[in-house]
Number of protein chains: 2
Amino acid sequence: MAKTASLTRQHFIDAALQVVAEVGVDKLSMRRVATELGVSPMAMYKHFPNKEELLAATLDAVIANADVFPDDSLAWPAWVEQVARGMFQALCSETSWVPLLSSMRLGAQAAAVTGAFIERLSREGFSQRQAINAYIAVLQVVIGGVCLHSSISAEQQHQADSKLTPMTLTGLKEVERHLAAPILGAMGELDQLGIGLPMILAALEEQLRGNRAV
Amino acid sequence: MAKTASLTRQHFIDAALQVVAEVGVDKLSMRRVATELGVSPMAMYKHFPNKEELLAATLDAVIANADVFPDDSLAWPAWVEQVARGMFQALCSETSWVPLLSSMRLGAQAAAVTGAFIERLSREGFSQRQAINAYIAVLQVVIGGVCLHSSISAEQQHQADSKLTPMTLTGLKEVERHLAAPILGAMGELDQLGIGLPMILAALEEQLRGNRAV
DNA sequence: ACCTGAACACCGTTCAAGT
DNA sequence: ACCTGAACACCGTTCAAGT
């Protein structure tokens with residue numbers, strides 16, 4: 001009954017998403033994805049030249065599913081903040097992707113987000129150059145925030161496992177330990193974006209005032 | 001003549017640094033490090049419970065060697081900028097570490113840098129809370145900047161290899177392509193820190209003015 | 001055309017055995 | 001005590017072969 005059409009690219013991407021959900025990106029293997037589809041690992045090489053390309057396509061699907069854009073009727077500072085928080089959430093909820101953000105080429109979906117962001121800021125009175133810079137600054141804080149969040153989680157996980165002094169604090173002089181210890185706590189707190197993002201928004205508002213004064 | 005003392009922890013860390021310099025973190029293997037020392041791969045397990053611990057210790061050695069602190073006589077805004085640029089340089093010159101920043105637990109050397117940063121800002125009139133937040137904001141921008149820099153390098157490398165339209169721009173509508181294309185160019189530019197860092201410094205100066213007004 | 005099986009050259013890690 | 005060899009259970013990828 002079922003017309004067993006040959007496997008499409010999308011089949012492999014969906015299977016990869018499934019495997020990531022089950023075991024995380026780091027433990028994903030070509031063999032595992034193939035098994036998920038009940039197929040030989042070699043079948044994948046008709047659609048993707050190598051593992052990296054499969055992962056890049058899969059990451060793009062994750063970004064497409066994230067849907068970071070809030071209601072367009074929000075004032076631009078609130079809108080920018082929501083976009084940033086949406087990106088942060090999307091990346092943090094799939095933490096196993098984080099280590100790949102720096103080495104993975106971003107795909108069409110990522111570029112679409114970029115375009116929409118710049119288009120909105122341009123409409124609000126920013127120059128294109130300013131809008132691009134704003135996007136870069138927001139992206140840096142989001143990615144930096146996700147990396148830090150993920151680092152801290154790893155450290156806390158390790159502490160919970162080993163019940164030892166955090167590695168970060170071992171081998172430090174008393175005075176350094178006294179200064180460094182609160183950081184661990186502060187970083188583990190909820191709102192990674194609450195620190196850098198308001199600074200960027202303030203700078204952007206200042207920029208816009210400058211534009212209007214001309 | 002040579003007293004063949006048994007291999008120390010440091011021997012393995014040094015060998016790991018050597019291997020990273022030769023082939024990058026991603027291609028480092030326990031077997032490769034052991035071969036570097038002319039020893040069985042199993043010898044390492046007397047000093048490190050697993051590969052992750054060896055890498056964490058090696059990353060800490062990289063941080064120790066980075067020496068990010070500029071002359072203490074610099075005014076604090078210039079000092080903060082130099083520290084940020086030092087970190088950025090150190091991480092960018094060893095790009096193969098970047099993907100691990102988010103998953104690797106940071107060690108004692110990283111904490112020492114943290115402590116020194118906070119101590120300096122506290123001396124300048126920031127509260128401890130403000131100094132910690134300042135450090136987190138700077139770190140986010142540095143790490144985000146390094147990740148973006150590294151992503152762009154990967155994309156440009158791929159373009160050079162394949163001579164194709166950047167993957168980031170394929171599959172986009174005309175209008176989106178028109179908006180997204182300049183980003184790739186802007187991101188590839190030299191100064192990743194030139195965008196977000198001044199925004200943070202401006203916010204910090206504002207904060208300090210607020211402190212003094214009390 | 002699309003998929004497979006066997007093989008190659010690797011991994012991290014365990015464990016019993018050597019010295 | 002410190003190191004080794006052989007083995008286990010995996011990898012990504014190639015390539016000739018099947019249908």
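In the set C:dC3, D:dT4, C:dT13, the nucleotide with an atom closest to the side chain of A:Lys46 is C:dC3. Listed nucleotides: D:dT13, D:dA7, C:dT4. Nearest to the side chain of A:Met30: D:dT13.
Taking atom CZ of residue A:Arg31 and atom C1' of nucleotide C:dA6, one finds them 11 Å apart after rounding to whole Å. We find that NZ of B:Lys51 is positioned 9 Å from P of C:dC11, with the value rounded to whole Å. The CD-P distance, from A:Glu53 to D:dG12, rounds to 15 Å in whole Å. The nearest whole Å value for the distance from the CE atom in A:Met44 to the P atom in D:dT14 is 13 Å. Summarising the geometry, the separation between NE2 on A:His47 and P on C:dC2 is reported as 7 Å, rounded to the nearest angstrom. Taking atom CD of B:Glu52 as the reference point, atom C1' of C:dG12 lies 13 Å away to the nearest angstrom. Spacing between atom CZ of B:Arg32 and atom C1' of C:dG12 amounts to 17 Å, rounded to whole angstrom units. Whole-Å rounding puts the B:Leu54 CG to C:dT13 C1' distance at 14 Å.
Looking at B:Val146, B:Ile195, B:Ile136, B:Ile200 one by one, the single match for side chain to side chain contact (heavy atoms under 4.5 Å, CB included) with B:Val141 turns out to be B:Ile200.
For the pair B:Ser29 and C:dC11, the criterion of a side-chain N or O lying under 4.0 Å from OP1 or OP2 is met. Remark: A:Tyr45 is not in phosphate contact with D:dT14, judged by side-chain N or O atoms under 4.0 Å from OP1 or OP2.
When the P atom is used for both C:dA9 and D:dA9, the distance is 22 Å, rounded to whole Å.
For A:Glu52, the CD atom is loosely surrounded, since the number of other residues' heavy atoms within 6.0 Å does not exceed 12.
Distance CZ/A:Arg120 to OH/A:Tyr135: 16.0 Å, rounded to 0.5 Å.
Contact annotation for B:Met42: base contact, defined as any heavy-atom pair under 4.0 Å involving a base atom. At the heavy-atom level, A:Leu37 lies nowhere under 4.0 Å from the strands shown.
Checked for salt-bridge contact, B:Arg32 and B:Glu22 meet the test: a charged N lies under 4.0 Å from a carboxylate O. A salt bridge links B:Asp72 and B:Arg123; the closest N-O separation between the charged side-chain nitrogens and carboxylate oxygens is under 4.0 Å.
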